[in-house]
Amino acid sequence: MELAAPPQPVHPPAPGVRSPVPAVALRGVSKHFGAVTAVDGLDLTIEPGEIVAFLGPNGAGKTTTIDMVLGLSRPDAGTVEVYGTAPRTAVAHGLVAAVMQTGGLLKDLTVRETAQLTAALFAHSRPVDEVLERAGIAEIADRRVGKCSGGQQQRLRFAMALLPEPSLLVLDEPTTGMDVEGRREFWSAIRADAERGRTVLFATHYLEEADAYADRVVLVSRGRVVADGTSAEIRARSTGRRVSATWEGITTAEAVALRALPAVEDVELRGDTVLVTTGDSDAVARHLLTATPAHDLQITARGLEDAFLALTTSVPATHPTAPTGETR
Amino acid sequence: MTAAVRTVPERAVPPLGGFSTTFLRLEIRRLLRNRRTMVFTLVMPPAFYLLFGGLSDSYQHQSAGHGNVSAYLMLSFAVYGAMIANTSAGASVAVERAQGWSRQLRLTPLDPVAYTATKVITAMVVGAASVAIVFVVGGLGGAHMPTSAWITGGLVAWLGAVVFAAFGLFMGYLLPSENVMQLLGPALALLALMGGLFVPLDALSSTLRTLASYTPAYGVGELARAGLLGDGIDLGAIANVVVWTAFFAAGAVWRFRRDTARV
């Protein structure tokens, strides 16, 4: 156990008792930049030990929210608490550390010097060589940061974040610009680390990352939480399959008739193309091919991506949202 | 197994706002690694002393106060060296902001005061090296003055250059550039000229001389030479150093606050 001997707790928690304090608590948080509302009344609570993906398209307010969790900026409205204290206090105590997207490194230091410097700034730190090993960069410890690849620099940022042995690790789109192999290696290092029970919050716009590595997916759009649950739960919001077919001259009455078929959830007309969302694609296909002039059938499964698109592109503000963990 | 991790460990905040000798040592090492800065702070000032005639017979035999003209030159270039060293160390915050390092440091317990103190101490260490090199070259090559003038001149050149550490910090926060020293190099040369470090201000017209006495390098230059010339303490020169240091420091604090508010 890595944390077998935590540094002298002032209020020692009973062993084995889960902390009642949430790792992150955002309540009614808003942030504006001029006329732009980046975060719009966002509520989010993350319990210790959760691995949460903060998923959303570019401009959804992910980075702005993360900056507020890290104390890099202050909300215009609402409150942000990390382990029950102000973010800046949590940072000063080494309870939260972050891997940012880009920058944050000095090119003229070596990899080891960068880690040594970071370690020296905290009251409590893991040994430098240990974290370099865990981040997989021990063999390039003497290389200048400016000569490291993007992936190596990212693993150095990860190593730096591990030094204070934070309870919460925040990753802001950590694999942006990495190739597939780099992303896989990076995530396997994060995953190995998360198995030790650390709370992890990562922002991403890669669906597969959220799907593969998170216990919980928080979908954000236009500065609000639009869905919150396991990736399976979010995927379940858009079950069924989509059957598309070409049907020249389909009338509204014919479309309404399709909508009346059993298990059909939605019918959409796009010119001569009809799109049917249904829980029983076989029945719809059979009907279309035998009872109508429709041809060129395609049947596609709906997945997290459909849920993502459905939830982030055209969500009316009053639309009821997630099946679980609804926060608004 | 995971219970110990799921409880929040009680952690201390580091003493002294996160000030650490490791950080200081690495800061100094970074500055020493920068070849351009080293040439400007450790090579150019003694080279200027030689080029401006520190070794020449006439300067060695011409008296200036309690010593010779070579000593006068040596003190001027010691101030100039300390000036460049301090500005370089202070202005390195521009590079750190451009590379996102300042933002990274805000994810650590490091207090802005401890950060600034580390920058100023780094400036003082490199400034001391610059003054020492000019004094060694001067001492071996022609400069003569009383021991007390060596000591006071050296200390004033070294400590008085803190005005330029503040100047460098202010410019570092003001100019968002990785090449900030390329802008500041010519500015420093002009300030050194106006401060009477390259040529005695007696050569200027009285209007220019009055103007020059209000520029930031003037005070420290005057005070560094006071022991040699035996002029006594010039209160105007002290005021010059104090006011400019306060002005640049206030500017640095103002820009720093804007910087952290914006991010």
Side-chain angles (χ1 to χ4, degrees), chain A residues 1-4 6-19 21 23 47-49 67 70-74 83-84 88-89 91-98 100 102-109 113 116-124 157 160-161 164-165 167 196-199, chain B residues 1-38 92-112 114-115 118 122 176 178 259-263:
Chain A
M1 186 67 247
E2 285 303 312
L3 280 183
Q8 298 304 306
V10 173
H11 307 292
V17 173
R18 209 169 140 133
S19 165
V21 183
E47 297 300 333
D67 280 356
L70 296 172
L72 291 172
S73 71
R74 286 201 191 92
Y83 292 106
R88 188 60 222 161
T89 310
V91 166
H93 285 79
L95 292 174
V96 51
M100 306 307 268
T102 53
L105 296 171
L106 291 171
K107 293 174 197 157
D108 52 355
L109 287 179
E113 285 169 343
Q116 283 171 337
L117 198 163
T118 308
L121 301 177
F122 286 94
H124 167 89
R157 290 188 193 95
M160 289 158 76
E165 205 164 25
S167 297
R196 297 156 190 260
R198 204 188 303 283
T199 312
Chain B
M1 157 98 186
T2 55
V5 184
R6 289 193 176 185
T7 55
V8 185
E10 195 72 26
R11 293 274 175 75
V13 176
L16 301 174
F19 181 85
S20 100
T21 51
T22 305
F23 181 28
L24 180 61
R25 185 169 51 79
L26 287 166
E27 278 290 302
I28 293 168
R29 196 186 288 177
R30 281 180 61 215
L31 207 54
L32 296 178
R33 258 181 207 162
N34 187 326
R35 282 208 198 93
R36 181 195 294 269
T37 306
M38 284 305 100
S92 65
V93 300
V95 181
E96 295 177 11
R97 285 172 66 229
Q99 296 187 3
W101 179 246
S102 312
R103 193 178 156 85
Q104 181 67 38
L105 287 178
R106 291 177 61 206
L107 299 176
T108 73
L110 185 65
D111 187 273
Y115 173 73
T118 305
T122 305
E178 290 220 31
D259 198 41
T260 52
R262 183 174 52 80
V263 171

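In what follows, chains carry the letters A, B, and so on, assigned in the order in which the sequence lines appear, proteins first and then strands, with residues in each chain numbered from 1.
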Does this structure show an ion pair linking [X] with [Y], if we count only N-O contacts that are shorter than 4.0 Å?
X      : Y      : value
A:D108 : B:R33  : no
B:R25  : A:E113 : no
A:D67  : B:R106 : no

- [ ] Looking only at non-hydrogen atoms, find the nearest pair between A:F122 and B:L107 and report the distance.
- [x]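 For A:F122 versus B:L107, the nearest heavy atoms are CZ-O, 3.8 Å.
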- [ ] Locate the shortest heavy-atom distance separating B:P14 from A:A92; write the atom from each residue and the value.
- [x]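 Smallest interatomic distance, heavy atoms only, reads CD-O, 3.8 Å.
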Open item on the list: So, taking the atom named CG in A:L121 and the one named CG in B:L105, what distance separates them when rounded to the nearest 0.5 Å?
Closed with: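 That separation rounds to 6.5 Å.
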Task: Nearest-0.5 Å distance that lies between atom CZ in B:F23 and atom CG in A:L117 - done: 5.5 Å
Task: When B:E27, B:R29, B:E96 are compared by non-hydrogen pairs under 4.5 Å with chain A, the top option - done: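 When all of B:E27, B:R29, B:E96 are compared, B:R29 has the most.
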For chain B, find which of [options] contributes the most heavy-atom pairs closer than 4.5 angstrom.
options                        : value
A:V96, A:L109, A:T102, A:L106  : A:L106
A:A120, A:A161, A:G94          : A:A120
A:A123, A:G104, A:A119, A:G103 : A:G104

Open item on the list: For the CZ atom on B:R36, are there more than 12 heavy atoms of other groups (residues, nucleotides or ligands in this structure) within a distance under 6.0 Å?
Closed with: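 No, not enclosed.
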Task: Verdict with supporting geometry, A:V91 and B:T108, side chain to side chain contact (heavy atoms under 4.5 Å, CB included) - done: CA-CA 6 Å; A:V91 166; B:T108 73; 5.7 Å; no
Task: Pairwise side-chain contact, A:L105 with B:Q104, heavy-atom cut-off 4.5 Å (strictly under) - done: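 The answer is no, as the side chains (C-beta and beyond) never meet within the 4.5 Å cut-off.
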TODO: Could you look at A:R88 and say if it's the side chain, the backbone, both or neither that has a heavy atom under 4.5 Å from chain B?
DONE: side chain
TODO: Determine yes or no for a side-chain-to-main-chain donor-acceptor pair under 3.5 angstrom, with B:R11 supplying the side chain and A:P164 the backbone.
DONE: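 Checking the backbone N and O of A:P164 against the side chain of B:R11, a donor-acceptor pair under 3.5 Å is found.
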